[in-house]
Every structure is written in C-alpha cells, then in structure tokens.
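Following: one structure in structure tokens, then a few remarks.
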Amino acid sequence: MTNNDKDDILRHTVSVLVDNESGVLARVIGLFSGRGYNIESLTVAETDHVENLSKITIVTSGTRQVIEQIKAQLDRLVPVRKVVDLTIDGPSVEREMALVKVAGEGEHRVEALRIADIFRARVIDSSNSSFVFEVFGKAGKVDAFIKLMEPLGLVDVSRTGVVAISRGAEGL
Amino acid sequence: MSTKEMTGSEIIIQALKDQGVDVMFGLPGGVLLPLYDALFKQNGLRHILVKHEQAAVHAAEGYARSTGKVGTVLVTSGPGATNTVTGLVDAMMDSVPLVCLTGQVPSSLIGNDAFQEADITGITRGCTKHNYLVKDVNDLGRVLHEAYYVARTGRPGPVLVDIPKDVLLSLGTYQTPGKNSAVEHKSYKPQVKGDTAAIKEAIDLIKKAKKPLFYGGGGIVNSGDAACTLFTQLVKMTGIPCSLTLMGLGAFPGSDDQFLGMMGMHGTYEANMAMHDCDVMINIGARFDDRVTGALDKFSPDSKKIHVDIDPSSINKNVVVDVPIIGDVAHVLEELIKHWKADQAQVNTKSLDKWWKQINDWRTKDSLKYTSSNKVIKPQYALERIRDLALETGKDTFYTTEVGQHQMWAAQHLCFEKPKRWMTSGGLGTMGYGFPSAMGVQVAHPDGLVVAIAGDGSFQMNLQEIATLMAYRLPVKCFILNNKFLGMVRQWQEMFHGERYSESVIEDQPDFVKLAEAYGALGLRANNPGELDDVIKQAYASDLPTIVDIRTDPEENVFPMIPSGAAHNEIILGPEDSESSENGGSVSSGVLV
C-alpha cells in the first residue's frame, strides 16, 4: 500500500441495523459529528415492526482507516445489531428518489417534460406554470436530472438520500 | 426468574441488591425523594452522602477501580445530573465501570423546561457507554440489570439510567436477574475469546523477534487479577522486557528487573528508547494513546505490532498494527500461553541478550534522577518518603492522584507491585479526580492505607469532600505537593512560552492546615526536608482524615519529557537538555496537547 492509497478519500455506503429505541438516531449522528466523520447521505426507517428494527443507510467518505473506524465505532453502540459495508462486502444496489419542482412556461415546459421522459421521471403534480417530477435511480442519475432542470426553472428539490441493499439471496 | 409487584423506588433498591451493590455515592434532591424514602426504610444498601455530585462520580470510580466491581452513583435531576458529566467522561475515557442513576422530572413535564429539568440522556449520549430514560416502571428492573451488565462487560464504561419521578412512585413488576445474572442482550455481545489463528501468528512473531517489547496497558488491570497474573507469567517465561502505560501500572510488579518503568511523555528513557527501537511490539490492553506514541509518523518505525484489545474500535485507530487480536486480555493470554507451551516455543535468546545489553546501557542514564537538596523539599523526594514510610506501615496501600506534575512524579517514583492500587485520571486528565476518588477507595477498603497525592491547584477543585471524609471517618491521607503554581502549566510556559507565567501562579491560597482543622480533620505541614518524615509518620498514625501541606521546590520540572509532537528518541532528560523557546520551537504547538 503506497502512501497515496492510504490517504485516498473513499466513498462507502454502510447499512446499519439498529433496535428502534428512543435516541438511537441521535447516537449514530452524534458519533459522526463527535468524531468528525462525514455524512453525505443518511436515511432511516423502521423495517421490522415486530422486532422493532430500523435500518439506517449512511453514505460516508474518508480514508480507508477512517472508514474502518466508522464501522468499528458504529458497532460499539449498544443498540446496533449489525454493520455492513455495502461498498466492499459484496455487490449491492442503491437507489435514491427525488421530488423536483420546476416552474416555467412555453418551450421550457416542453423541454422539461422531454428530459423527464428520458430519465423516466413521472409528473406527480402539475399546475399551469409548474411540474413536480419524481425521479428514481442512483444518486448520480438524480444529480444529472436536477442539473438539467436548472436552466428550465428549477424551484425546489427534496431528496430521500440513498437506500441500498446487497445483491443476491442473503439478508443483512 | 421471578416477578413481584412493587414501587419503582423499591424496584431500584431490590435490583441494586440483586446486582451485588453494597454502597452508592449520592446526593438527594426533589425528584428523588421517593427513592431516598425507600432507602431510609431498608438495610444492606449503604449510601455515602457527598458534598458535590462530581465527587460522587469520582468516588464511585475509585471504588470501582480498586475493587474491580461496578461503582454506583445516585443524583437528582437537573444540576445534580449535569454535575456528573465530568466524572462520566472521565470514566468513559479510562474504561471505568459505573452505573449513574439520575432522577428526572415527572414524565408529564419532560420537555416543558420544568424546574430542575435537564435532558441528561441527550447531554451524556456521547460520554456514556450507553444510557437509558425509563418511561415505564415495568421496564425498570430489566433496564437496571442491563445497565450493570453493559457497564462491567466488554470494555467497561459508565452507563446512565434516567428515571422520572412518577416512575419511582408507580407500582410495577420487578424481574429478578437470571441465575448467572448475565443478560442475554439482543445486540450487545462483546467478543471475549481471541482468534486462535491470530494468536498463533503472534507467537510466531515473538519467536522470531530480535528486539521484542511488552507494552501493557489498563486493559490488563480491567480484565482482572487473573489477567495480571497471566501477563506476569508470560513476561517472566519469555524474558522479554516490559513497559507499562500510566493506566497499566501494577499489572506487572514494579520492582521486577524486567520492568523498564512507565513509557510515554514522562516515561523513563529506557522504556521510550525500547519503544522506539523494538522490532516486535506486543501491546496488551493499551490503546496507542497520543501521550504514549508521541509523533505518530515517527512512532516505533521498525516494529511489527501485535495488539490485544477487547474494543475492536481501538484496533488501527491511531496506529496500524500487523496482528490484531480482539478479545479479553485474560482469555487471550491464557490461550497464548497454552499454545506457546504446546509449541515448546522459544525466544531468540542470543538476540534477546543483546537487546537487554542495549536496554541496560540506556538504564545507566538513570533518567528519573533528580538533584537532591537539604534545604528545599524536592517533590520526588517527598514521594519516595511517602512510598517508603507507607511500606513500613505494612498496610495494603492505595494511591490516587490529581492531574499534573505531582501525578507524573507519583507515576515515576511510587512503585506498584499489584494491580488496582493506583487510581489516576489518565485519559481525560481531570483535576479534582484524586481526592474524592480516594474517598471511594477508602469506603471499599476500610482497613487499607489510602493516599491521595495532590497538587495545590487540583486539590482545591474538590476539597469540599473533607466534610464527607469526616462524616464517615474515612482516614484518607492527602499529601499536597504545594509549589504555589499550576505546575504543569508553569513547566510548559517555562519551556515553550518564554517563561511568561500567564495565570499559573497561585500565591493566594488558603492555609491548608487551618482548612483541614476547620473541618475537624488533621492538618500538617512540612516546610523543609528535615520535617518531612515526622509529618508523614504522624499522618499515617492518625485515624483522622489528614491533609498534609508539603512545601516543595516551586520550580522543579518533570523529566524525562517527550515534547508534544516529538519522537521517543527525541526525549529530553533534564533541564540541561532543554532550552526555553520563545514560540514553542519546532516540536510543540505550544498548547497543553
């Protein structure tokens, strides 16, 4: 391992299975802010209502050593059941959804619809002067869609953040 | 497991008893009145009433570290709870098992900025191993059992349980802990047993080593007496030199010839040179703290490193290691010794002899030497007399310290033969830790000789506890090495800030003898070396809490010293070695880090 490799900033998607108890999200976020780690995206929702489990998907970045630390520190939290690094623990898929509001008239409206069609984005709200699109895909695709909407009257964006899951038959 | 209906307060008392708690340190307040009422009506659970909640936590730390048991703290909501924060961080950094019970305003008032309300679970989330807010009385028993389990297992640490007043009052079902009192936790499962392949790899490295070194830390002491015995056995049977961290002192006999002394910023020359030059470093239960490693890029550049730690997040955190072994020290060492014997493994004796020659050569520097004086009391001399006269009493002696120069001299000049006899604030460096901590040690060891080494600065941070010592007749011996300075700050100002003693001079201090007497304690003073022995003997002979004001050389500095940001082999041996530099020179950022 050369020095350069060691200091390269890597982007990792980490899946964390936690007991859905009071304060658990604050623990995870507090860990990141307290130790100076990056959060690029974070999503959380209860995924098992019987066992009261939530899954947190975190996209983070850092050197290899920092990524290892992040996983070890997460694992140290008492309500954390499992930590999986979807970037290196095997193939995985990830998706993000965004709601994109575009306001405009005439040619701009037509162009927005045309691009939405290319991105397979759907119109979920429409007025005489605006659309709200829903667009799914990898974060990069969502980024690209939003960028193309900018000159066409982009007004507002809401993004879910990345959710991810491993490929194949195995669960977390 | 049996169940029983009782009030929240009764559940707490029963749960604590079932967890083997015999004493707690606390201070009552509004929301805790139902619990203190239940405490009043029972026997068997002792309560030590402190004067300040921070002291309660440090006392519980002293109790825990000198017994290996979990310490228990009981404080009220709001300011009572927030006053524990420093102690909790201290316990977190030094891996001390504690359970801190805090009262909370009634559930219906939470979030309303009620009188004496503080979001203590929010405040302490980052400085406890785990914390709980109990909203249902029926959860209380389970949560308390879990709290003690989490505090004492794995890498130990503080756990806080916040209990609203209405939960104390309501009736609920209590569950006794299971037979072995271990909790089957859903997610918290510390790894105890080390990986056999890694252990064999470690043995292989040790066998081939030419310049091996044991680097032992507080994890050995925390793992228990068995771990210390196994560690000593391994060091003795391999003949490899051994150094210990500040937290590890006592894990290996201090008087043994294989002991090189403490390592790190104020460690011995031979320990630090050996850390720098070794080719295989065997880290058992230490965490490559910055006070040990110095500059990371120059840290032990040519060694293969083995690291045994129960906390996976300690591995590769500061220093990348070659053979990580995650597990409890006692378990790992037992396995390691078993395989070592089964393999009939041998160290490379020829190389080891050469290595020892080198080390003994370093030893001739006598790096802890100081210039003695018959006019002024050298702090090192005072510690030697405190140590030797304590030995003469024949009593089991426990030492605690505050933080600063006196702490480093104590670590250098006291000698620890056994674990759990040395309680000092290592990670957080909490001034105000030592005096109340000694109180907790004395509660746990009523017949022991408990000695608190203090500086005149840090003693004044929790001196109110003289009253508690008096109330319970706890005969702690507190020796203040009084140099009328915040000594370590002064030392850094002398060395790195052009001798500008900004706010480190404490000329105006109380008369510590009269202060002790005001509380009814014994106050003594030694002004010169001739008076010292007599004063120490008087202190040891008295059955009163004793405060001894020892007037020491005000400008004595702690050496050796590895300046912040320097490497182990850039160690400064004494004043002749160091020059005051205007702006911190090249080795220090000029702050106390």
Side-chain angles (χ1 to χ4, degrees), chain A residues 1-8 10 14-37 46-48 50-56 60 62-85 88 172, chain B residues 89 92 95 107 110-111 119-136 139 142-143 146-147 149-151 153-162 183 185-191 287-288 296-297 309-322 324 326:
Chain A
M1 191 168 62
T2 68
N3 257 341
N4 283 342
D5 290 343
K6 209 175 75 184
D7 297 334
D8 277 352
L10 310 166
V14 181
S15 199
V16 190
L17 194 65
V18 298
D19 287 316
N20 186 17
E21 58 182 42
S22 157
V24 65
L25 186 60
R27 274 178 222 287
V28 170
I29 293 170
L31 171 68
F32 276 74
S33 61
R35 292 185 183 268
Y37 305 144
E46 190 168 80
T47 51
D48 184 334
V50 182
E51 285 249 12
N52 260 318
L53 295 177
S54 285
K55 196 189 272 183
I56 304 176
T60 183
T63 61
R64 211 179 66 147
Q65 198 181 348
V66 166
I67 300 281
E68 288 308 311
Q69 258 302 297
I70 289 172
K71 290 184 280 183
Q73 292 290 352
L74 282 169
D75 220 10
R76 204 154 83 114
L77 298 176
V78 169
V80 168
R81 295 216 181 181
K82 204 164 184 193
V83 179
V84 173
D85 186 340
I88 56 170
L172 184 63
Chain B
V89 185
M92 187 71 176
S95 311
S107 308
I110 290 180
D119 171 19
I120 199 63
T121 48
I123 290 168
T124 61
R125 207 168 271 136
C127 66
T128 50
K129 187 169 169 186
H130 195 47
N131 63 20
Y132 304 84
L133 168 61
V134 183
K135 287 180 176 160
D136 181 346
D139 290 336
R142 176 187 60 77
V143 165
E146 203 176 291
Y149 174 69
V150 170
T153 54
R155 178 176 176 179
V159 176
L160 181 138
V161 184
D162 197 24
V183 184
H185 199 277
K186 291 174 290 188
S187 54
Y188 172 75
K189 292 183 174 73
Q191 187 176 339
R287 59 182 176 91
F288 294 106
L296 279 176
D297 53 346
D309 204 303
I310 197 159
D311 178 3
S313 76
S314 284
I315 307 285
N316 296 339
K317 182 170 68 181
N318 302 328
V319 171
V320 177
V321 297
D322 302 277
I326 297 163

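First the proteins, then the strands, lettered A, B, ... as listed; each starts at 1.
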Worksheet entry | CG-CD distance between A:D75 and B:Q191, expressed to the nearest 0.5 angstrom | 10.5 Å
Worksheet item: What's the spacing between A:R81 CZ and B:Y188 OH if we round to 0.5 Å?
Response: 15.5 Å
Worksheet, complete the sentence: Closest non-hydrogen atoms of A:D19 and B:S187, given as atom of the first, atom of the second and distance, are OD2-OG, 3.5 Å
Response to the item:
Nearest heavy-atom contact between B:S313 and A:A72 is CA-CB, 3.5 Å
Of the backbone (N, CA, C, O) and the side chain (C-beta and beyond), which part of [X] lies under 4.5 Å from a heavy atom of chain B, both, or neither?
X	value
A:V78	both
A:R76	side chain
A:E68	neither

Worksheet, complete the sentence: Note: vs chain B, highest number of non-hydrogen pairs under 4.5 angstrom among A:Q69, A:R35, A:E51, A:E21 is A:Q69
Response to the item:
Cut-off 4.5 Å, heavy atoms of chain A, and the answer for B:L133 is neither
Worksheet entry | Toward chain A, the part of B:N318 with a non-hydrogen atom under 4.5 Å | backbone
Discussion item. I need the contact set between residues 122-131 of chain B and chain A: heavy-atom distance under 4.5 Å, sorted by residue number.
Written reply: B:R125, B:K129, B:H130, B:N131
